[in-house]
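Beneath this line is the structure, given in structure tokens, with notes to follow.
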Amino acid sequence: MWPLLLDSRDPEDSDFRPWGSGELFPERMSSPDDHDPADLLAKWWATYTAIDEDDDMLPPDERLAVTAPFGETWPGLTPGREDTADPSQLAAEYAEHYVLSRPRSRLGLVAAPSGADALALVGWDGPANWDNDTATFSAVVSDWEQRFGARVVAVGSDTLHLSIATPPTNREDALLVAAEHFAFCPDNIWQGPRPQTLAAYAERLIDTHCWEFWWD
């Protein structure tokens, strides 16, 4: 059984949605093994960096500035490194911190071989506005488990919280990781702290042992 800390959409919600209300859709999900994480990230990057002349949110030059220095060019995956810390120990420490900051969270147990698989098997649909098959996101998280010692610690209605044993330690690697994050969850940058650019986001990833994602 894989443990997940569960958070609700509204801390005052007595139904504890989506977990207590049963708004979960395991029958809708494919298997993470059906998807190649490198292909997924490249495809998502191409979609979210494509220039649309009819886009009334950002003109083309400003849209390209968000993902500088890469622009529309997918830079590829970040090379993996050997874990510099114990992934399980870091996950336990992050879980303790998470519970202290969100005391209303609950413990869920999922019959799954990993946290990445648990997301799809439980039928969580947090990124449904972007892709309604959570197995695609599970495939990427599974790859991060291998390359960065990632562990799924907590899940909200539309948030995901990972502990990271091997974060990027320099700007070059952090930019590559930031590109993966943008492809995986563009709202982290588009609706994140200012300045809302890949470069600024990358600086916040250096030596950071937790990654958090939110989908609008």
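Because only heavy atoms are used, hydrogens play no part in the values below, and waters and symmetry mates are left out as well, while side chains stay in.
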TODO: Mind telling me whether Trp44 and Phe137 have parallel, tilted or perpendicular rings, with 30° and 60° as the class edges?
DONE: parallel
TODO: Could you tell me whether Arg171 and Glu203 make a salt bridge, using a distance below 4.0 angstrom between a side-chain N and a carboxylate O?
DONE: yes
Open item on the list: Hydrogens and angles aside, do Ser30 and His35 bring a side-chain donor and acceptor to less than 3.5 Å of each other?
Closed with: yes
Open item on the list: How close do Pro87 and Ser163 get, counting heavy atoms only, and between which atoms?
Closed with: O-OG, 4.3 Å
TODO: Flag the pair Trp124 / Phe25 as yes when their ring centroid distance falls below 6.0 Å, and as no otherwise.
DONE: no
Open item on the list: Ring centres under 6.0 Å, that's the criterion: do Phe184 and Trp144 meet it?
Closed with: yes
Open item on the list: Contact between Thr73 and Trp45 at the side-chain level, heavy atoms closer than 4.5 Å - yes or no?
Closed with: no
TODO: Find out if a path of hydrophobic residues (ILVMFWY) with successive side-chain heavy-atom gaps under 4.5 Å connects Val140 to Tyr48.
DONE: yes
Task: salt bridge (charged side-chain N to carboxylate O under 4.0 Å, His left out) partners of residues 97-115, not counting sequence neighbours, each pair once - done: Asp7-Arg102, Glu12-Arg104
Open item on the list: Under the rule for side chain to side chain contact (heavy atoms under 4.5 Å, CB included), what residues qualify as partners of Asn170, not counting sequence neighbours?
Closed with: Glu172, Asp173
Task: Selection residues 26-37 - residue pairs positive for salt bridge (charged side-chain N to carboxylate O under 4.0 Å, His left out), sequence neighbours left out - done: Arg28-Asp125
TODO: Might you work through the salt bridge (charged side-chain N to carboxylate O under 4.0 Å, His left out) test for Asp13 and Arg9, ending with a clear yes or no?
DONE: CA-CA 8 Å; Asp13 179 13; Arg9 181 170 291 137; over 6 Å; no
